[in-house]
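Not measured: the values here are computed from a predicted model.
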Amino acid sequence: MSFDESKWVWMDGQVIPWANATTHVSAHALHYGSGVFEGMRCYETSDGPAVFRLDAHLDRLYASAEIYGIAIPYTREELTRGVNQIVRINNFRSCYVRPICYLGSGSLGVHPGNNPVQVVILAWPWAPYLGAEGLKDGVRVTVSPWRKFQSRMMPTTAKACGQYLNSMLAVRDAVSRGFAEALLLDSDGHLAEGSGENLFIVRDGRLLTNDERHSILLGITREAVVRIASDLGYPVEIRALELEDLLSADEAFFTGTAAEVTPIREVDGTAIGKRTPGSVTEDIQQVFFAATSGRDQRYKDWLHRIDSEDVEVSDPLLQTVS
Ligand SMILES: Cc1ncc(COP(=O)(O)O)c(C=O)c1O
């Protein structure tokens, strides 16, 4: 990933240069992780750039904010417009889009009082999260010594900044031991998810995945894959997953906005299937990328086109900065 200083950022309702998008060190979020965020991908399509499942990501952003009592001072329409502006003004054909809403400066008590809520939308080009090779050939993962926190400790269905310390510990440990990603068990020892992905197992032509009862973030890619699998005629079973289910699986893969659909070829040295992506994973990957690129009309409602009419070139904001 590279950040390009010549790019623009949407911050608190304004499009400003990347270098000016700063926050004071007394911000509550810096000290306590009090923010919520989203990660979406904008894909290149024959109709121009399009954000995959923008509506679902905005739904989850507002839901995460509500759980943490963070009142986002912008409407969905304003944030949608912000996403449009930031993709267009930066001339991205495809990119990753990161809206983040966090508590700014004011009280530094753990109780945030009336600290202002700041809202930023960043975008940058982002290659496949687990590597282009991982996306094609599969990744090697390890079961983390860190457990996924339980939903009575923190709301696992919310995507909140501080919650990612758990993921960071797990992925750092995995990478330091030579693996691409960590797989976390829940507090009862069932499989939960990757540090930034949901998990699917394929066995006898059926897909198995877990849900929020196992402390996972309910991924938007996961939901899309459940629909794609059903459309392809693969039965999907939602239930607790055990490590033995994974080790004896025919195939397994991760799903996530950043990781997309990434096959898992090995878990702590044990081969999954033939150590190469299986045919069900490949089928799903193919349809997923047909959906994200707008080539499969069945999923066209999942794409939000960026050149929609609310961001005309006549937009005064775009005129002032371009
Ligand atoms: C912990 C965790 N689980 C799962 C996911 C997958 O979610 P989504 O498909 O909505 O990106 C992510 C990525 O956002 C994540 O960080």
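The closest side-chain donor-acceptor pair between Ser215 and Gln150, if any, does not fall under 3.5 angstrom. Side chain to side chain, Tyr62 and Glu38 fail the donor-acceptor criterion of an N or O pair below 3.5 Å.
Looking at heavy atoms from C-beta onward, Arg239 lies in side-chain contact with Asp245 at the 4.5 angstrom threshold. The side-chain heavy atoms of Glu181 and Thr142, taken from C-beta on, include no pair separated by under 4.5 Å. Residues Ile220 and Arg60 are in side-chain contact: their nearest non-hydrogen atoms beyond the backbone lie under 4.5 Å apart.
Atom CG of Asn114 is surrounded by 12 or fewer heavy atoms from other residues, nucleotides or ligands within 6.0 Å. Residue Arg177 places its CZ atom among more than 12 non-hydrogen atoms of other residues, nucleotides or ligands, all under 6.0 Å distant. Annotation for Glu133: atom CD does not count as buried by contact number, only 12 or fewer foreign heavy atoms lying within 6.0 Å. The environment of Trp146 atom CH2 is sparse: at most 12 non-hydrogen atoms of other residues, nucleotides or ligands sit within 6.0 angstrom. Within a 6.0 Å sphere centred on CZ of Arg275, other residues, nucleotides and ligands contribute more than 12 heavy atoms.
Ring geometry for Phe200 against Phe253 counts as parallel: the plane angle stays under 30°, on a 0 to 90° scale with 60° as the upper cut. Ring geometry for Tyr129 against Trp126 counts as perpendicular: the plane angle is over 60°, on a 0 to 90° scale with 30° as the lower cut.
A salt bridge links Asp59 to Arg76: one of the charged nitrogens lies within less than 4.0 Å of a carboxylate oxygen. Taking 4.0 Å as the cut-off between side-chain N and carboxylate O, Arg222 and Glu197 do not count as a salt-bridged pair.
Taking the centre and axis of the six-membered ring of Phe92, the NZ or CZ atom of Lys7 falls inside the cone set by 45° and 6.0 Å.
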Evaluation steps, salt bridge (charged side-chain N to carboxylate O under 4.0 Å, His left out), between Lys300 and Asp47: CA-CA 11 Å; Lys300 65 177 189 326; Asp47 292 328; over 6 Å; no
Kindly indicate, with the supporting measurements, whether the criterion side-chain hydrogen bond (donor to acceptor under 3.5 Å, both in side chains) is fulfilled by Tyr164 and Ser195. CA-CA 8 Å; Tyr164 276 80; Ser195 75; over 6 Å; no
